[in-house]
Number of protein chains: 2
Amino acid sequence: MKRHVLIFGLVGGLLIATLQYTEYRFAIIEHSFELYSALVAVLFSAFGIWLGLRITRNREIIRETVVVREVLVPAEAPALEPFAPNTAHQQNLGITARELEILNLIARGFSNREIATQLFVSENTVKTHCARAFDKLGAARRTQAVQRGKELGLLP
Amino acid sequence: MKRHVLIFGLVGGLLIATLQYTEYRFAIIEHSFELYSALVAVLFSAFGIWLGLRITRNREIIRETVVVREVLVPAEAPALEPFAPNTAHQQNLGITARELEILNLIARGFSNREIATQLFVSENTVKTHCARAFDKLGAARRTQAVQRGKELGLLP
DNA sequence: GCTGTCGTCATCCTTTCGGATGATTTTACA
DNA sequence: TGTAAAATCATCCGAAAGGATGACGACAGC
């Protein structure tokens, strides 16, 4: 880590030295274009690094070992409900029942072929449903579709 | 590490060479100096930020705090907690922090390429992490990996 | 009868994923 | 300082997924 900074400093110094050298060769030409460019470059390099450091300052991943001691209280109810999808969202997105059914199977990790087998239809059909569902959800991938589906309460 | 310096040197050198070369071609155009300064500034800013990000990339603090948290299970409060992954399952499956990080991004619907961009690594690296994570989770697809991850409390 | 929606299936083509494997670099730790 | 684990990157190849498009039958509603 410190080495990075050191080497960076060295390179920076070298760069400046080079620039200073080249300045003499172009000093005649109106105010040495390179000098200014280099100055700007170095300054903004420093700025960029400072910014980069600032940005990532809060990027520390604090990993706590959490020992969760669960105290069970008898009231357990959510396990029983069979999950009711948000039909409002389903309706105004125009997602059909079949498409939702397939989305469910996607969310459960099945491939198109497996889904086709389970539903007794061809893989092409599954792909068509997928494409339509993805389009309606604005998703480009099945993982994205699942994510959107859960957000909208369409999937458990 | 050496690559950083190399790249820095190359970029710097190239930039200077370009400047020296193009100076003659654009010296006539008025305001070219400001344009150039801006260009250099932007380029080096970007580079500096990139370097800053790279340097501080793995700032991970493993704070081995053992928090004994008594949880009343059915009490419905999930909105506030920032989600702590089930480290027990993670450990005995041998899933690394990086792999979990990538699993998270997969669950959020990103493609490998998008993940690579976000994490400043190559797509190949992402794929490697994926493959390992899938293997450890016994998943064949990313959707399946996500499903398993949620089951095991590794993903929110 | 006509129309619109839905479900079904297909083909062609491109992109993305995933598996297998090997290598190098970084980091952590004894 | 040496070693083991993680992380990084690459290449090859096959499988899966996705986009675009066209088609056909069933069925409901007008």
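Chain naming here is simple, since letters A, B, ... match the order of the sequence lines and numbering starts at 1 in each. We use all heavy atoms of the structure for the numbers below, so side chains are in, but hydrogens, waters and symmetry mates are not.
Nucleotide D:dG18 holds its C1' atom 15 Å from the CG atom of A:L137, rounded to whole Å. The interatomic distance linking B:Q144 (CD) with C:dG19 (P) rounds to 10 Å, in whole Å. Distance CG (B:L105) to C1' (C:dT16): 17 Å, rounded to an integer number of Å. Nucleotide D:dG18 holds its P atom 11 Å from the CG atom of A:L103, rounded to whole Å. Atom P of nucleotide D:dG18 and atom CZ of B:R142 are separated by 10 Å, given to the nearest angstrom. The separation between A:I106 atom CD1 and D:dG18 atom C1' is 11 Å, rounded to whole Å. Atoms CZ (A:R113) and C1' (D:dG14) sit 12 Å apart, rounded to a whole Å. Per the geometry, NZ belonging to A:K127 stands 18 Å off P belonging to D:dG22, to the nearest Å.
Both A:A131 and B:E123 sit near DNA chain D, but only B:E123 has its closest nucleotide nearer the 5' end.
Counted by atom type alone, A:E114 and A:Q118 present zero donor-acceptor pairs between their side chains at under 3.5 Å.
Between B:I106 and B:L155 the shortest side-chain heavy-atom distance does not fall below 4.5 Å.
The two residues B:R141 and A:S111 have their closest heavy-atom pair at NE-N, 3.5 Å. Counting all heavy atoms, side chain and backbone alike, B:L137 lies closest to B:A145 at CD1-O, 3.8 Å. Taking every heavy atom of both residues into account, A:T143 and B:G109 meet most closely at OG1-CA, 3.6 Å.
Contact between the side-chain N/O atoms of B:N124 and the OP1/OP2 oxygens of D:dA10 is found at a separation under 4.0 Å. OP1 or OP2 of C:dC17 has not a single side-chain nitrogen or oxygen of B:R141 nearer than 4.0 Å. Contact annotation: A:N112 side-chain N/O to D:dA17 OP1/OP2 distance is under 4.0 Å.
Within the structure, every pair that satisfies the side-chain hydrogen bond (donor to acceptor under 3.5 Å, both in side chains) test and touches residues 129-139 of chain A, not counting sequence neighbours, is listed here: A:E99-A:K136.
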Any N/O pairs under 3.5 Å between the protein and nucleotides 4-8 of chain C? List them or say none.
| residue | atom | partner | partner atom | Å |
| --- | --- | --- | --- | --- |
| C:dG7 | OP2 | A:T96 | OG1 | 2.8 |
| C:dT8 | OP1 | A:R98 | NH2 | 2.8 |
| C:dT8 | OP2 | A:R98 | NE | 2.9 |
| C:dT8 | OP2 | A:H129 | NE2 | 3.0 |
| C:dT8 | O4 | A:R132 | NH2 | 3.3 |

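A continuous path of Ile, Leu, Val, Met, Phe, Trp and Tyr side chains, each step under 4.5 Å between heavy atoms, connects A:L154 with A:V146, placing both in one hydrophobic cluster.
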